[in-house]
Amino acid sequence: MATRRDGEGGGEEMRRRRPRTAATLLSGTTPISRSGTGPSSRTALALAALALLTGCTNLEGLQDEGRARDVDAPLVLWPGSTPAPPSRNENPAVLVPVPGVPRIPGGSMAEANPLAVLDADVAAQGGTPPAPRAVRRPVLHDLTDDGKPDLLMAVDLGPRISELRVYSVRNTVVTRVLVVRGVLAGVELAAGHLALREPTKDPRYVSVTDYVWDGHAMDLWNLTLDDARTPQTPQAVGGSP
């Protein structure tokens with residue numbers, strides 16, 4: 001019986017059993033010889049390495065998206081100039097006692113005459129009290145977290161501009177705690193927050209300004225953008241006087 005000598009036919013068997021390399025998988029050709037040093041061999045090896053790193057054997061998905069856009073830092077103009085703090089008349093959340101209305105020992109704005117409070121406040125600022133038809137239904141709601149209702153009044157100054165005024169009782173004195181004028185697309189109350197919604201240039205979004213009582217004043221809590229939505233059927237909030 002013929003005996004195969006060591007090494008005889010081993011090369012052929014090893015060639016049959018040799019696994020296909022990444023270059024073989026990539027190109028669909030025979031494996032690259034270790035002794036190959038030509039340009040084609042180096043290119044194939046580079047592609048094989050890329051395929052192993054990316055885990056992808058198809059380079060057709062790589063596309064040139066062009067030159068990346070330059071990103072520049074904002075150019076700050078007049079960096080040494082800063083605005084002065086808002087004056088008392090410019091601060092919408094400054095506390096202003098309303099003159100000419102009775103004190104309320106009980107501390108509840110439910111005991112006040114809403115129109116009398118509004119007229120007295122506007123007159124104290126040198127304005128003309130609004131016509132009753134321009135005043136929306138008064139709303140009572142506890143915004144100052146003292147367990148007693150505060151008074152919210154909205155006046156439509158024109159087809160687009162409105163004014164919101166909020167009153168509370170501070171040490172028996174009827175006090176205005178907030179006045180905001182703007183395009184009020186919505187006024188909402190939730191979890192002690194007073195949210196004012198106003199339209200933006202993009203009809204899909206509205207800006208939302210959140211105010212919350214911080215123990216001393218109606219503090220500006222947050223400014224955000226929200227999706228515009230169809231106005232819902234209004235619900236009574238806190239009752240009306």
Side-chain angles (χ1 to χ4, degrees), residues 91-125 127 129-157 161-199 206-241:
N91 186 352
V94 66
L95 273 61
V96 178
V98 179
V101 295
R103 289 175 174 262
I104 303 179
S108 170
M109 284 302 299
E111 301 177 25
N113 183 325
L115 289 178
V117 171
L118 177 64
D119 290 350
D121 189 25
V122 173
Q125 291 184 292
R133 65 177 179 275
V135 181
R136 301 184 191 179
R137 181 183 64 85
V139 173
L140 291 171
H141 188 83
D142 181 14
L143 285 175
T144 56
D145 199 27
D146 60 358
K148 299 175 182 179
D150 303 302
L151 175 65
L152 290 83
M153 302 284 290
V155 182
D156 295 322
L157 304 177
I161 303 297
S162 301
E163 191 172 71
L164 175 70
R165 293 174 181 254
V166 180
Y167 301 96
S168 182
V169 179
R170 304 284 96 192
N171 297 321
T172 74
V173 177
V174 175
T175 304
R176 187 215 313 144
V177 298
L178 184 70
V179 56
V180 179
R181 179 178 296 189
V183 184
L184 302 182
V187 180
E188 300 174 353
L189 297 168
H193 287 238
L194 174 64
L196 308 183
R197 303 171 67 88
E198 298 187 76
V206 295
S207 67
V208 181
T209 307
D210 261 321
Y211 291 94
V212 67
W213 182 258
D214 65 0
H216 305 282
M218 290 296 293
D219 186 35
L220 176 61
W221 178 262
N222 202 9
L223 294 171
T224 57
L225 283 178
D226 194 11
D227 294 331
R229 58 175 182 258
T230 303
Q232 300 176 351
T233 302
Q235 299 179 354
V237 180
S240 60

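In this text, all values refer to a predicted model and were calculated from it rather than measured experimentally.
Test Thr224, Asp227, Asp226 against Val206 for side chain to side chain contact (heavy atoms under 4.5 Å, CB included) and you get one pass: Asp226.
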Trace of the side-chain contact (heavy atoms from CB on, under 4.5 Å) decision for Leu115 with Asn113: CA-CA 6 Å; Leu115 289 178; Asn113 183 325; 3.9 Å; yes

Criterion side-chain contact (heavy atoms from CB on, under 4.5 Å) on Arg165 and Val155, from CA distance to verdict: CA-CA 8 Å; Arg165 293 174 181 254; Val155 182; 5.7 Å; no

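Using a 4.5 Å heavy-atom threshold, the side chains of Trp213 and Val177 count as touching. Between Leu157 and Ser162 the shortest side-chain heavy-atom distance does not fall below 4.5 Å. Counting only heavy atoms from C-beta outward, the side chains of Val166 and Leu143 approach each other to under 4.5 Å. Residues Asp156 and Arg136 are in side-chain contact: their nearest non-hydrogen atoms beyond the backbone lie under 4.5 Å apart. Looking at heavy atoms from C-beta onward, Leu178 lies in side-chain contact with Leu194 at the 4.5 angstrom threshold. Side-chain contact between Leu225 and Val208 is absent, with no heavy atoms from C-beta onward closer than 4.5 Å. Side-chain contact check for Leu95 versus His216: every heavy-atom pair is 4.5 Å or farther apart. Contact check for Leu164 versus Val179: no side-chain heavy atoms found under the 4.5 Å cut-off.
Judged as a side chain to side chain donor-acceptor pair (under 3.5 Å), and not counting sequence neighbours, the contacts of Tyr167 are Asp121. Every residue two or more places apart in sequence or in another chain that forms a side-chain contact (heavy atoms from CB on, under 4.5 Å) with Val96 is listed here: Arg88, Val94, Arg176. Take Thr175 and apply the side chain to side chain donor-acceptor pair (under 3.5 Å) test, not counting sequence neighbours, and it matches no residue.
A salt bridge (charged side-chain N to carboxylate O under 4.0 Å, His left out) check over residues 142-151, counting only residues at least two apart or in different chains, returns the pairs Asp146-Arg170. Pairs engaging residues 184-193 under the salt bridge (charged side-chain N to carboxylate O under 4.0 Å, His left out) rule: Glu188-Arg197, Glu188-Arg229 [sequence neighbours left out].
Expressed to the nearest 0.5 Å, how far CG of Asp210 lies from NE2 of His193 amounts to 6.0 Å. Atoms CG and OG1, from Asn222 and Thr209 in turn, are 9.0 Å apart once rounded to the nearest 0.5 Å. To the nearest 0.5 Å, atom CZ of residue Arg181 and atom CD of residue Glu163 are 4.5 Å apart.
Formation of a donor-acceptor pair under 3.5 Å by the Asp219 side chain with backbone atoms of Trp221 is not found in this model.
Taking every heavy atom of both residues into account, Ala93 and Met218 meet most closely at CB-O, 2.9 Å.
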Determine all donor-acceptor pairs shorter than 3.5 Å in which one atom belongs to a side chain in residues 97-112; sequence neighbours excluded.
{"unit_1": "Arg103", "atom_1": "NH1", "unit_2": "Thr172", "atom_2": "OG1", "d": "2.8"}
{"unit_1": "Ser108", "atom_1": "OG", "unit_2": "Ala110", "atom_2": "N", "d": "3.2"}

